[in-house]
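Here the structure is laid out as structure tokens; the discussion comes afterwards.
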Amino acid sequence: MTNPRYAPHDPRFAQFVDLDQAPRIISSGHIWAEGPVWAGTHLYFNDVPSKRMWRWNETDGSIVALENSEFANGNTTDLDGYMISCEHGGRRVVRRLDPTDPDSVQVLAENFDGKRLNSPNDVVVASDGSVWFTDPPYGINSDAEGYPAESEIGGNYVFRLSPEGALTAVATDFDKPNGLAFSPDESLLYIADSGAIKGASFPGFDYKLPHHIRVFDVKDGTLSNSRIFAVIEPGVPDGFRVDTEGYVWTSALDGIRCLDRAGELIGKILLPEPTSNCCFGGPDGTDLFITSSSHVYRVKTTRRGAESLRSKAK
């Protein structure tokens, strides 16, 4: 019998997830869990409002890895396995040489044209080593997940940091750019626009504003041919991942949605709280870790993240 936490919409979903095995809570008691990333032998994730980064594995359970993460949100790993982290409070993107040491960081980006970034939110690294990240205003809108301030840039952009260190705005027409992920061959970049929510201190949704994922063609470090890939409702798309076959696993108000390459719904993982993000990881790379408000869940799947292909090609 299918567990009530799953809502299959296509027979393929039963091949991706064991529908009889409920999502397992592996960590709880957080305010707003975000930014899951599997790095080495551990899952790391942020509790953004508490300014803490947490670490989990099967043996040790969940423990605080970093007491002051500067309201860090999205995380990924670079080609050398180091964590790349977006700080709302620091208004910068950093490489963490040691995720447990707040001083063991290299600043990758904090200014654009001499002006401070807003509050970098989510990040992905391409196979050429370039770092792509979104820069919405959530960390400067209130003190719930950053420090109130006016935007110096005057917009909410998507950026590319070249391997040589040049920072370029590759998309400037988003309301509030959020999660992002490449297709397996990196010919496409998916970017969420969560404009329908203003931020943690501003409850509710304005569905007249964007709540969709857009997809772009990628060539020579530039984006073109923007189109809407999927509209997410209820809620907004926040963080998401793409698996090795191009299926998109995105957060929503009611959990995680699995979408095929055409944007059609394959199935849902239904969770009782608003859901922020997910990532693939674990010893064999097929665990789906989900950050959902005060909890972190693990779901056993048959999928692996597209970033695993990048790692093997390195």
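Across every non-hydrogen atom of R55 and A65, the tightest pair is CB-CB, 3.9 Å. Between A230 and G263 the shortest heavy-atom distance is CB-O, 4.3 Å. Contact between G285 and F280 at its shortest, heavy atoms only, is O-CB, 3.7 Å. The nearest pair of heavy atoms linking A72 to S85 is CB-OG, 3.7 Å. S119 approaches P137 most closely through the heavy-atom pair OG-C, 3.6 Å. Taking each heavy atom of P120 and C86 in turn, the nearest pair found is O-CB, 3.2 Å.
For the side chain to side chain contact (heavy atoms under 4.5 Å, CB included) with R298, the lone residue among L43, I25, D287 that qualifies is D287. If you run side chain to side chain donor-acceptor pair (under 3.5 Å) between S276 and each of T291, N46, D238, only T291 comes through.
Under the 4.5 Å side-chain heavy-atom criterion for grouping Ile, Leu, Val, Met, Phe, Trp and Tyr, L66 is not connected to V94 through any hydrophobic cluster. Side-chain heavy atoms closer than 4.5 Å link hydrophobic residues (I, L, V, M, F, W, Y) into clusters, and following such links, possibly through other members, connects F240 to L259. With hydrophobic clusters built from ILVMFWY side chains whose heavy atoms lie under 4.5 angstrom apart, V158 does not share a cluster with Y190. No continuous path of ILVMFWY side-chain contacts below 4.5 Å connects V218 to Y157, so the two sit in separate hydrophobic clusters. W249 and V215 sit in two unconnected hydrophobic clusters of ILVMFWY residues. Membership requires side-chain heavy atoms under 4.5 Å apart, directly or through other members.
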Test F289 against F45 for ring-ring contact (aromatic ring centres under 6.0 Å, His included), laying out the working first.
-> CA-CA 10 Å; F289 295 101; F45 62 93; 9.4 Å; no

Can you check side-chain contact (heavy atoms from CB on, under 4.5 Å) on V93 and L161, steps first, answer last?
-> CA-CA 10 Å; V93 180; L161 181 68; over 6 Å; no

Trace of the salt bridge (Lys or Arg N to Asp or Glu O under 4.0 Å) decision for K300 with D284 = CA-CA 11 Å; K300 293 291 188 179; D284 64 358; 5.9 Å; no

Going through the distances and angles, do D185 and S183 end up as a side-chain hydrogen bond (donor to acceptor under 3.5 Å, both in side chains)?
-> CA-CA 6 Å; D185 64 0; S183 63; 2.9 Å; yes

Evaluate the side-chain contact (heavy atoms from CB on, under 4.5 Å) criterion for residues L117 and F133: first the C-alpha distance (whole Å), next the side-chain angles of each, then the deciding distance (0.1 Å), finally the verdict.
-> CA-CA 11 Å; L117 299 173; F133 65 93; 3.9 Å; yes

Check the pair N3, Q21 against side-chain contact (heavy atoms from CB on, under 4.5 Å), reporting the backbone distance first and the verdict last.
-> CA-CA 7 Å; N3 187 279; Q21 186 175 344; over 6 Å; no

Test side-chain contact (heavy atoms from CB on, under 4.5 Å) on V125 and V131 and set out the steps.
-> CA-CA 5 Å; V125 176; V131 178; 4.2 Å; yes

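Rounding to the nearest 0.5 Å gives a distance of 10.0 Å between CG of N118 and NE2 of H88. Separation of atoms CG (N277) and CD1 (I256) is listed at 7.5 Å; rounding is to 0.5 Å. For the atom pair T275 OG1 and I269 CD1, the distance stands at 9.5 Å (nearest 0.5 Å). To the nearest 0.5 angstrom, E58 atom CD is 8.0 Å from I26 atom CD1. Atom CG in D217 sits 6.0 Å away from atom CG in L188 (nearest 0.5 Å). Atom-to-atom distance recorded for L288:CG and R304:CZ is 13.5 Å, nearest 0.5 angstrom.
Residue pairs meeting the salt bridge (Lys or Arg N to Asp or Glu O under 4.0 Å) criterion with at least one partner in residues 96-125, sequence neighbours excluded, are E87-R96. For residues 104-132, the pairs satisfying ring-ring contact (aromatic ring centres under 6.0 Å, His included) are F112-F159, W132-F182, with sequence neighbours left out.
Considering only residues two or more places apart in sequence or on other chains, Y147 meets the ring-ring contact (aromatic ring centres under 6.0 Å, His included) condition with F71.
Proximity of R91 to I140: side-chain heavy atoms (C-beta onward) are separated by under 4.5 Å at one or more points. Using a 4.5 Å cut-off on side-chain heavy atoms (C-beta onward), D243 and R241 make no contact. Side-chain contact between P36 and V296 is absent, with no heavy atoms from C-beta onward closer than 4.5 Å. Proximity of I191 to L223: side-chain heavy atoms (C-beta onward) are separated by under 4.5 Å at one or more points. D10 has its side chain out of reach of D260: every pair of non-hydrogen atoms, C-beta onward, lies at least 4.5 Å apart. Taking 4.5 Å as the limit, every side-chain heavy atom of F216 sits out of range of all side-chain heavy atoms of S224. Between F202 and I197 the shortest side-chain heavy-atom distance does not fall below 4.5 Å. Residues P237 and N178 fail the side-chain proximity criterion, which asks for heavy atoms closer than 4.5 Å.
Side-chain contact, S294 with E273: a donor N or O sits under 3.5 Å from an acceptor N or O. Checking D128 against S130 by side-chain atom types alone, a donor-acceptor pair falls below 3.5 Å. A side-chain donor from one of E186 and S127 sits under 3.5 Å from a side-chain acceptor of the other. Side-chain contact annotation: R214 with S226, donor-acceptor N/O pair under 3.5 Å present.
Proximity of a side-chain donor or acceptor of D47 to a complementary backbone N or O of I31 within less than 3.5 Å is detected. Checking side-chain atoms of Y6 against main-chain N and O of A14 turns up no donor-acceptor pair under 3.5 Å. Panel note: side chain H211, backbone L209; a donor-acceptor pair is recorded below 3.5 Å. A donor-acceptor contact shorter than 3.5 Å is absent between the side chain of R257 and the backbone of T250. For the pair D193 (side chain) and H212 (backbone), a donor-acceptor distance under 3.5 Å is absent. One N or O on the side chain of S162 and one on the backbone of E164 form a donor-acceptor pair closer than 3.5 Å.
A parallel orientation is assigned to the rings of Y207 and F205, their planes being inclined by less than 30° (bins at 30° and 60°).
Between E245 and R303 there is a salt bridge, with a side-chain nitrogen of the basic residue lying less than 4.0 Å from a carboxylate oxygen of the acidic one. Under a 4.0 Å N-O distance rule, the pair R95/D80 does not qualify as a salt bridge.
A 6.0 Å sphere centred on NZ of K198 holds no more than 12 heavy atoms belonging to other residues, nucleotides or ligands.
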